[in-house]
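Have a look at the structure below, then the notes.
The analysis underlying the following values was restricted to heavy atoms, covering all of them including side chains, and did not include hydrogens, waters or symmetry mates. For ligands, and for the atoms within them, numbers begin at 1 and follow the listed sequence. Just so it is clear, the structure is predicted and the values come from calculations on it, not from any experiment.
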Amino acid sequence: MLVVGGYGAVGATVSATLGAWFPGRVVPAGRDEARARRLGGVRVDVTDPDAFRRVLDELGDVAAVVLCVEPPDAGIARITLERGVRLVDVAATARLLDAVTDLSGTAAAHGATALLSVGVAPGLTNLLARRAHEAVGGAERLDITLLFGTGERHGADALRWTLTALGEAAPGAPYRTDLPGHGTRTAYPFPFSDQHTLRRTLDALDVTTRLCLDSRPLTAALFALQRTGLSGALCRPRVLRPLTGALHRIRLGGDRFAVRVDARRGDRHAVYALTGHEQSRVTGLVAAHATRELLTGSPPPGVHHIEQLPALARLPESLAAHGVVLRRPARRGGDDR
Ligand SMILES: NC(=O)c1ccc[n+]([C@@H]2O[C@H](COP(=O)([O-])OP(=O)(O)OC[C@H]3O[C@@H](n4cnc5c(N)ncnc54)[C@H](OP(=O)(O)O)[C@@H]3O)[C@@H](O)[C@H]2O)c1
């Protein structure tokens, strides 16, 4: 199986975990040919579809492609699925996931399965959202809250994604809620793809995902910057590149993350939450489990999001050995403010 981005913060865990489960069958890939070859891998650049096609030809029998870096469009997914090869994608950009979802007919016609919304957010958020949605008999409103640790060494690509997303408008109001292990926090609307996908896959009417960081001052500073409209300037390559590099080196807080989902229907209210540490590593573990399910289970051909595969519904419990803990928040409430 070809793990693209296979030596990055997410991809290294994917390559190592799949390598332990399927010895000799993992090919890590990235743009740095020397680094990829040292790991027994190959050079791949997801912005070059023709070269990607040639790599698949040269490797021959590829059982699955795991994308641990976001391509600019759905071209790489199309090439993969048209060859009947399984695809797992950790992308978190709604526009990209929509474009890959549109390939469902192509995938089915070639007997291939693709799994999207794989990771922590999207990923574990989608799985908890499904539980909460079912617990209230179909949510009218879902509030998904994430807390990320500023002390984790986040990958450069994930940091770039986050800074770019900060420049985008995300509908919804800030929300004060209790996050296990972190007390009451204010979280701010953020354009993670799960809120977009879940409206469709769960038929939930109103879904909002919000973000805060373990550092309260940094959360306040970041979203104050967003309110000024200056965060749009972060998307400019001249600003984004050095800022990503600087943030990659700075570590302010811890490496713990928390996820909380509140589902409401009339006066019914269900809450599911979990905590873990190192969201990049946990994203990699989710991707490895998802890939194993595509290889050894019997998922239907087509393009699916993680919450649509019943075989992965208990994935949060499967990650207990890796420090992921399902928790009961101290307070049930959650207030807009
Ligand atoms: N779903 C989730 O919860 C979740 C969580 C975290 C991250 N993510 C997503 O996962 C992706 C990776 O994040 P990360 O933290 O692992 O970043 P990272 O540490 O920067 O890793 C990115 C990897 O991709 C490679 N790469 C970059 N551009 C490439 C290209 N054009 N073609 C082929 N390979 C390329 C990099 O190596 P070279 O530079 O040598 O090519 C590196 O190995 C991001 O897109 C992020 O948004 C999703």
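Neither the backbone nor the side chain of Val286 has any atom closer than 4.0 Å to an atom of ligand 1 (non-hydrogen atoms only). Counting heavy atoms under 4.0 Å from ligand 1, residue Arg35 does not touch it at all.
The minimum heavy-atom distance between Arg265 and Glu140, with the atom names listed, is CA-OE1, 3.6 Å.
At under 3.5 Å, not a single nitrogen or oxygen of Thr47, backbone or side chain, sits near a nitrogen or oxygen of ligand 1. At a 3.5 angstrom cut-off on N or O pairs, Val90 counts as close to ligand 1. Residue Ser280 has no nitrogen or oxygen atom sitting less than 3.5 Å from a nitrogen or oxygen atom of ligand 1, judged on distance alone. Considering backbone and side-chain N/O atoms, Asp157 comes within less than 3.5 Å of an N/O atom of ligand 1.
Applying the ring pair (Phe, Tyr, Trp, His ring centres under 6.0 Å) test to His304 and every residue at least two apart in sequence or in another chain returns nothing. Scored by the ring pair (Phe, Tyr, Trp, His ring centres under 6.0 Å) test, Phe192 finds Trp161, Phe190 as partners (sequence neighbours excluded).
Using a distance-only test at 3.5 Å, with no hydrogens or angles considered, a donor-acceptor pair links the side chain of Arg260 to the main chain of Asp178.
Assignment of Val118 to the shell around ligand 1 is supported, since a heavy atom sits closer than 4.0 Å. Heavy-atom separations between Ala121 and ligand 1 include at least one value shorter than 4.0 Å. In this structure, Cys68 is part of the shell of residues with a heavy atom less than 4.0 angstrom from ligand 1.
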